[in-house]
Chemist: 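Following this message is one structure expressed as structure tokens.
Computed from a predicted model, the values in this text were never measured in an experiment.
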Amino acid sequence: MIQRMKLWMMAAILVISGATVLTSCSKDDDKNKVVQPVTKEYFTLWNQCEALTALQNYVKDVTDPNSPNFIKVEDRIATFDMDGTFVGELYPTYFEYNMLEYRALDDPAYKNSAPEDVRETAQDIRDFVRNGKKLPDHFDMKHAYAAAKAYSGMTLAQFDAYVKAYAQQPANGFSGMTYGQSFYKPMLEVFDYLKDNGFTYYVVSGSDRFICRSLVESIGIEPNRVIGMDVKLHSTSQGTEAGVDYTMTQKEDLVRTDELIIKNLKTNKVLQISQEIGKVPVLSFGNSSGDCAMHNYCMGNKTYKTATFMLVADDDARDHADLAEGARREAKWREAGYHIISMKNDFKTIYGDGVVKTDFIFP
């Protein structure tokens, strides 16, 4: 006890004099500290599979400074389609199709004033979803023009709120999930993995850019990394005057118009990637023929090693899948040189715990 009191008194004297005190106890504590390396576990929601091995081997190779395939951080660009690639698509169809159907046929604030062609397009969707009727040829463009009209006059804030409100509805064909929660959980782990390995990823979707922005905000994707279908915007008091001749005031907002600029599918995706990103991707992820041009653009990168992945909807137990169509797509895409991600075989879960596939329910 006396010895311990002497140590305390010596320490107090040293502190008062401004000296640094290291007692025998603190030294022992430092010696006994074991610094454990922090290791992050990735892909907990995946089964070990061919596609995952291909992705990990690719990333390990191109991020190794000693590899001949090393890619500088600023050139590690990855592009992702949205619907059917990391957001549920078959519930019972694209989110933006479902929302237009609701807007034109059910929304009490709009349905009675909806233009005839918008109502007709929404009815095409309803007949397809509820009765299995084939959609008209080139329906993607018919929908794009109708959607431009259906939301014309909304400010960007109003449209964002509208999308988010609709996204809170229960996802038809599932229990335990809203539309806004319908992310493929294993694919979100891919974003995390790529980010931690110095990749910048972009959403390149055929859906409306501002719909995509509203949906992916909840998973932390910044709006400036979203490319999609676009309509022309105006300021609220601009009228018919050209933007080059008009100076908006501080009190004005931006509003959507009914003028379609671009439907972001197939080669249009490539054109938009070139214009907005300015670099050729080295990684590309998709799920449909609308993504093949984007994949081929990536694979044509003349500077760096590349990899492309197609997700196949082949799980009819946990999701709504057309197995025959999935098999046809898989064979075609393997031949094209794309890596195949099987939802059935590669994912431990699709939407997460508590989400169960159900029959579709209609009024």
Side-chain angles (χ1 to χ4, degrees), residues 77-87 89 93-100 117-118 121 124-125 135-152 156 159 163 187 200-216 221-234 243 254 256-302 306-311 313 329 332-333 336-338:
I77 304 297
T79 52
F80 286 77
D81 171 60
M82 186 181 78
D83 300 282
T85 298
F86 68 93
V87 170
E89 179 178 76
T93 185
Y94 301 109
F95 177 87
E96 67 172 3
Y97 281 20
N98 294 329
M99 192 171 79
L100 181 70
D117 57 342
V118 175
T121 304
D124 286 339
I125 297 170
L135 289 172
D137 291 340
H138 306 294
F139 185 76
D140 50 2
M141 292 306 300
K142 183 177 182 179
H143 166 267
Y145 287 118
K149 284 187 179 182
Y151 309 108
S152 179
L156 297 186
F159 185 65
V163 174
M187 291 303 294
T200 301
Y201 46 80
Y202 293 82
V203 175
V204 185
S205 174
S207 292
D208 186 288
R209 183 195 299 261
F210 292 95
I211 288 178
C212 298
R213 285 179 175 177
S214 298
L215 292 177
V216 304
I221 298 180
E222 297 295 329
N224 64 338
R225 289 194 277 119
V226 175
I227 301 170
M229 184 190 89
D230 270 321
V231 299
K232 195 170 183 178
L233 305 178
H234 273 184
L254 293 179
R256 296 174 62 95
T257 73
D258 62 2
E259 185 176 344
L260 179 69
I261 296 176
I262 191 169
K263 179 63 178 177
N264 196 44
L265 286 178
K266 298 185 177 179
T267 299
N268 278 356
K269 286 196 173 190
V270 175
L271 304 181
Q272 292 295 88
I273 289 169
S274 180
Q275 290 194 170
E276 299 204 20
I277 302 176
K279 293 185 176 182
V280 182
V282 296
L283 270 175
S284 186
F285 296 80
N287 81 304
S288 73
S289 60
D291 303 316
C292 290
M294 179 172 72
H295 280 13
N296 295 340
Y297 182 52
C298 173
M299 293 170 74
N301 191 316
K302 294 177 173 58
T306 64
T308 54
F309 295 81
M310 280 289 200
L311 190 145
R329 291 184 179 190
K332 182 178 179 180
W333 292 336
Y338 311 145

Chemist: Would you be so kind as to tabulate the donor-acceptor pairs closer than 3.5 Å made by side chains of residues 139-148, with sequence neighbours excluded?
Modeler:
residue: Lys142; atom: NZ; partner: Glu120; partner atom: OE2; Å: 2.7
residue: Lys142; atom: NZ; partner: Asp124; partner atom: OD2; Å: 2.7

Chemist: Over all heavy atoms of both residues, which pair between Val226 and Cys212 is shortest? Give the atoms and the distance, please.
Modeler: CG1-CB, 3.5 Å
Chemist: For Thr79 and Pro281, which heavy atoms make the closest approach, and how far apart are they?
Modeler: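 Closest heavy-atom pair between Thr79 and Pro281: CG2-CG, 3.6 Å.
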Chemist: Could you grab the distance from atom CZ of Phe95 to atom OG of Ser207, nearest 0.5 Å is fine?
Modeler: 9.0 Å
Chemist: Test of understanding: with ring-ring contact (aromatic ring centres under 6.0 Å, His included), list the residues that count as partners of Phe80, not counting sequence neighbours.
Modeler: Phe191, Phe285
Chemist: Using a 6.0 Å cut-off, check whether atom OH of Tyr94 has over 12 heavy atoms from anything other than its own residue.
Modeler: no
Chemist: To the nearest 0.5 angstrom, please state how far the CE atom of Met99 sits from the CD1 atom of Ile211.
Modeler: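 Here the interatomic distance stands at 3.5 Å.
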Chemist: Taking side chain to side chain donor-acceptor pair (under 3.5 Å) as the test, write out the residues that go with Asp117, two or more places apart.
Modeler: Lys149
Chemist: With a 4.5 Å heavy-atom cut-off, do Val231 and Glu259 have their side chains touching?
Modeler: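 No, their side chains stay 4.5 Å or more apart.
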Chemist: Centre-to-centre under 6.0 Å for Phe159 and Tyr151, is that the case here?
Modeler: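 Judged by ring-centre distance (under 6.0 Å), Phe159 and Tyr151 do meet the cut-off.
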Chemist: What are the two closest non-hydrogen atoms of Leu265 and Gly206, and how far apart are they?
Modeler: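 Distance-wise, the nearest heavy atoms are CD2-CA, 3.9 Å.
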Chemist: Measure the CD1-CD distance between Ile227 and Glu276 for me, rounded to the nearest 0.5 Å.
Modeler: 4.5 Å
Chemist: Measure the CD1-CG distance between Ile125 and Leu135 for me, rounded to the nearest 0.5 Å.
Modeler: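 Rounded to the nearest 0.5 Å, the CD1-CG separation comes out at 7.5 Å.
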Chemist: Is the closest side-chain heavy-atom distance between Phe86 and Val203 below 4.5 Å?
Modeler: yes
Chemist: Applying side chain to side chain donor-acceptor pair (under 3.5 Å), can you list everything that pairs with Lys266, at least two apart in sequence or on another chain?
Modeler: none
Chemist: For residues Trp333 and Thr308, determine if any side-chain heavy atom of one lies less than 4.5 Å from a side-chain heavy atom of the other.
Modeler: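 Answer no - side chains too far apart.
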Chemist: Taking side chain as C-beta onward, heavy atoms only, is Phe210 less than 4.5 Å from Val163?
Modeler: no
Chemist: Go through the structure and list residues passing salt bridge (charged side-chain N to carboxylate O under 4.0 Å, His left out) with Glu96, not counting sequence neighbours.
Modeler: Lys263
Chemist: If every non-hydrogen atom of Thr306 is compared with every non-hydrogen atom of Asn301, which pair is closest and at what distance?
Modeler: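 So the two residues come closest at CG2-CB, 3.6 Å.
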Chemist: Find out whether Ile77 and Val280 are in side-chain contact, i.e. whether some heavy atom of one side chain is under 4.5 Å from a heavy atom of the other.
Modeler: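 No, their side chains stay 4.5 Å or more apart.
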Chemist: Using side-chain contact (heavy atoms from CB on, under 4.5 Å), reason through Ile221 and Tyr201 one step at a time and then give a plain yes or no.
Modeler: CA-CA 9 Å; Ile221 298 180; Tyr201 46 80; 4.0 Å; yes
Chemist: Rounded to the nearest 0.5 Å, what's the gap from CG on Asn268 to CD1 on Ile261? Could you check?
Modeler: 12.0 Å
Chemist: Could you list all the side-chain hydrogen bond (donor to acceptor under 3.5 Å, both in side chains) pairs where at least one residue sits in residues 225-234, not counting sequence neighbours?
Modeler: Arg209-Asp230
Chemist: Does Gly228 offer a backbone N or O that forms a donor-acceptor pair with the side chain of Asp208 under 3.5 Å?
Modeler: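 Here the side-chain-to-backbone pair does not exist.
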Chemist: Throw together a table of side-chain donor-acceptor distances under 3.5 angstrom for residues 289-297, partners on residues two or more places apart or in other chains.
Modeler:
residue: Asp291; atom: OD1; partner: Lys269; partner atom: NZ; Å: 2.6
residue: Asp291; atom: OD2; partner: Asn287; partner atom: N; Å: 2.8
residue: Asp291; atom: OD2; partner: Ser288; partner atom: N; Å: 3.2
residue: His295; atom: ND1; partner: Ser284; partner atom: OG; Å: 2.7
residue: His295; atom: NE2; partner: Phe309; partner atom: O; Å: 2.9
residue: Asn296; atom: OD1; partner: Tyr338; partner atom: OH; Å: 2.8
residue: Asn296; atom: ND2; partner: Cys292; partner atom: O; Å: 3.2

Chemist: Tell me, please, which residues at least two apart from Asp83 pass salt bridge (charged side-chain N to carboxylate O under 4.0 Å, His left out).
Modeler: none
Chemist: How long is the straight-line distance from CG of Leu283 back to OG1 of Thr200, given to the nearest 0.5 Å?
Modeler: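 It is 11.5 Å, given to the nearest 0.5 Å.
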